S.K.: 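One structure coming up, written as structure tokens, with questions to follow.
Letters A, B, ... mirror the listed sequences (proteins, then strands); counts begin at 1. What you see is a predicted model, and the numbers here were worked out from it, not measured in a lab.
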2 protein chains.
Amino acid sequence: MRGNLFAVAVDLVVLTVRQGVFSTLLVRRGIPPFEGELALPGGFVLPHEDLLDAATRELSEETGLSLRGHHLEQLASYAAPDRDPRGRVLSVGHLALVPDLPEPQAGSDAAGSAWHPIAELPALAFDHTRILADGVERARAKLEYTTLAATFCPQTFTVSQLREVYEAVWGTTLDPRNFQRKVTSTPGFLLPTARTTSSGRGRPAQLFRRGNATSLHPPMLRD
Amino acid sequence: MRGNLFAVAVDLVVLTVRQGVFSTLLVRRGIPPFEGELALPGGFVLPHEDLLDAATRELSEETGLSLRGHHLEQLASYAAPDRDPRGRVLSVGHLALVPDLPEPQAGSDAAGSAWHPIAELPALAFDHTRILADGVERARAKLEYTTLAATFCPQTFTVSQLREVYEAVWGTTLDPRNFQRKVTSTPGFLLPTARTTSSGRGRPAQLFRRGNATSLHPPMLRD
DNA sequence: ACCTATTCGGGTCGGAGTGACGATAATGCG
DNA sequence: CGCATTATCGTCACTCCGACCCGAATAGGT
């Protein structure tokens with residue numbers, strides 16, 4: 001085997017919708033390079049570790065958040081020769097879609113971590129701005145033809161909450177009646193439960209659970 | 001930087017349609033491990049090389065084929081700890097879609113290379129069967145909502161040739177009249193030229209060139 | 001108790017897109 | 001010349017979507 005060796009890292013684009021705002025999780029770097037700057041959570045893969053395991057572990061170490069039961073997929077790999085001043089580092093970007101989680105805790109290599117709205121993003125370390133943009137675009141596209149929007153919702157949720165997820169992620173507004181017809185007529189998207197949304201004004205809404213369906217045919221149209 | 005170093009390789013899923021048969025390019029390995037077995041073309045990334053450059057170079061070295069002007073995109077990374085008996089190797093899979101190219105030539109590290117129909121695939125070295133399956137599925141999905149089917153065609157082609165691409169890749173049959181209506185009514189998919197398909201039986205067909213459109217809204221439906 | 005704002009959710013209507021399929025045009029072949 | 005073959009246009013019914021109306025069910029104010 002030739003001797004051209006790389007360090008391999010994983011970086012995570014963790015997306016959520018909190019209080020109607022499409023947001024991502026960023027850490028403030030506690031060590032060089034880019035010390036003190038914002039970056040995606042992530043770190044180096046261990047010698048006998050798989051990529052998804054490394055992503056889960058690094059997120060837990062840096063923010064205290066667990067991805068158990070949540071959506072996690074590989075995004076793409078980034079390996080420009082000069083993307084890391086320390087040397088040749090290939091980073092495998094990952095995308096996680098989670099419901100509104102608790103506030104993150106500071107951990108190893110990170111001076112702190114917090115949720116940031118996608119709409120008002122600061123500059124990030126390394127090429128993380130590009131990785132984040134790719135993750136956001138992947139998430140926006142996947143809402144069109146999959147049922148992944150429900151992964152942004154709590155375990156039971158209303159049609160309106162699901163609609164607000166689409167509106168937050170896409171930055172659009174959707175007609176509530178047409179949206180309701182679309183999602184309730186898709187078999188396996190929503191499982192009905194007892195209606196108990198006494199909170200808020202207006203007529204109480206029925207609560208649903210995620211169904212088994214994963215794809216959406218025909219797709220939901222973005223505007 | 002921690003000392004957990006990987007060798008990084010690129011592997012290529014090169015897909016084409018030749019004589020109506022959906023096919024891929026495989027090499028017979030000339031060196032261990034898996035010497036003598038079939039594998040995807042690919043090899044290690046050089047110290048200052050980008051991933052797409054490495055993919056283009058490796059394909060040229062192993063088969064003599066050039067990807068200039070053809071579609072090439074990153075597919076996914078594969079990094080299971082035991083995927084290569086030589087040690088820790090991360091491979092970045094790539095997907096290339098090309099028209100009917102000349103027969104490949106044998107090159108470095110390869111005892112020979114040839115086109116193989118997707119429908120009757122032998123077992124491949126490493127985890128290349130999985131990488132190939134991911135590439136094939138990506139290609140099939142992309143024909144639905146992009147105009148990439150035209151990248152399988154020569155520079156000028158008829159609507160029937162384009163339809164045969166869809167039929168070969170999807171393994172289905174499509175109604176010629178509805179297909180014609182769909183592709184000719186999509187702005188920017190096909191650019192008309194002079195009609196000259198005197199070859200073959202039946203009424204001569206108009207020749208088209210690829211247009212500037214990249215996405216297909218609404219998508220082409222697979223069956 | 002009543003009205004009103006608000007939200008949920010069922011329904012209608014027209015247009016775009018598609019599948020199924022008929023009809024016509026333009027060639028090669030016997 | 002007849003006929004098979006292929007390309008291309010056209011028709012019709014159906015589905016799905018966007019725009020919109022209206023009733024149903026609650027909270028809050030008076």
S.K.: Could you list all the salt bridge (Lys or Arg N to Asp or Glu O under 4.0 Å) pairs where at least one residue sits in residues 155-166 of chain B, not counting sequence neighbours?
M.R.: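 Residue pairs passing salt bridge (Lys or Arg N to Asp or Glu O under 4.0 Å), neighbours aside: Arg163(B)-Glu167(B).
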
S.K.: For a 4.0 angstrom threshold against heavy atoms of chain B, report the outermost contacting nucleotides of DNA chain D in 5' to 3' order.
M.R.: dT5(D) to dT11(D)

S.K.: Quick one, which residues of residues 201-208 of chain A touch DNA chain C with a heavy atom under 4.0 Å?
M.R.: Arg201(A), Gly202(A), Arg203(A), Pro204(A), Ala205(A), Gln206(A)

S.K.: Could you list the residues that satisfy ring-ring contact (aromatic ring centres under 6.0 Å, His included) with His94(A), not counting sequence neighbours?
M.R.: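 For His94(A), no residue satisfies ring-ring contact (aromatic ring centres under 6.0 Å, His included) once neighbours in sequence are set aside.
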
S.K.: Quick one: list whatever passes salt bridge (Lys or Arg N to Asp or Glu O under 4.0 Å) with Arg28(B), sequence neighbours left out.
M.R.: none

S.K.: Could you go step by step and tell me if Phe189(B) and Lys182(B) meet the side chain to side chain contact (heavy atoms under 4.5 Å, CB included) rule?
M.R.: CA-CA 10 Å; Phe189(B) 196 170; Lys182(B) 174 72 176 173; over 6 Å; no

S.K.: Once salt bridge (Lys or Arg N to Asp or Glu O under 4.0 Å) is applied, do any residues pair with Arg138(A), and if so which ones, sequence neighbours excluded?
M.R.: Glu73(A)

S.K.: Show me the pairs that pass salt bridge (Lys or Arg N to Asp or Glu O under 4.0 Å) and involve residues 187-216 of chain A, at least two apart or across chains.
M.R.: none

S.K.: Just by modelled atom types, is the Pro104(B) backbone N or O under 3.5 Å from a matching donor or acceptor in the Ser113(B) side chain?
M.R.: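 Absent.
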
S.K.: Just jot down the side-chain contact (heavy atoms from CB on, under 4.5 Å) partners of Ala76(B), sequence neighbours excluded, or say none.
M.R.: Gln74(A), Tyr78(B)

S.K.: Not counting sequence neighbours, which residues clear salt bridge (Lys or Arg N to Asp or Glu O under 4.0 Å) with Asp134(A)? List them please.
M.R.: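 If we apply the salt bridge (Lys or Arg N to Asp or Glu O under 4.0 Å) test to Asp134(A), skipping adjacent residues, the hits are Arg130(A).
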
S.K.: Test side chain to side chain contact (heavy atoms under 4.5 Å, CB included) on Thr172(A) and Tyr166(A) and set out the steps.
M.R.: CA-CA 8 Å; Thr172(A) 60; Tyr166(A) 276 93; over 6 Å; no

S.K.: Establish, from distance only, whether the side-chain atoms of Ser91(A) and Asp11(A) form a donor-acceptor pair under 3.5 Å.
M.R.: yes

S.K.: What are the residues of residues 150-168 of chain B, sorted by number, that bring a heavy atom to within less than 4.0 Å of DNA chain C?
M.R.: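 Heavy-atom contacts with DNA chain C come from no residue of residues 150-168 of chain B; none.
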
S.K.: With sequence neighbours left out, what residues match Trp115(B) under ring-ring contact (aromatic ring centres under 6.0 Å, His included)?
M.R.: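 With sequence neighbours excluded, Trp115(B) shows a ring-ring contact (aromatic ring centres under 6.0 Å, His included) to no residue whatsoever.
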
S.K.: Between the protein and nucleotides 14-21 of chain C, are there any N/O to N/O pairs under 3.5 Å, and if so, what are the atom names and distances?
M.R.:
from, atom 1, to, atom 2, distance (Å)
dT18(C), OP1, Lys182(B), NZ, 2.6
dG19(C), N7, Arg181(B), NH2, 2.9
dG19(C), O6, Arg181(B), NH1, 3.1
dA20(C), N7, Asn178(B), ND2, 3.0
dA20(C), N6, Asn178(B), OD1, 3.2
dC21(C), N4, Arg177(B), NE, 3.4

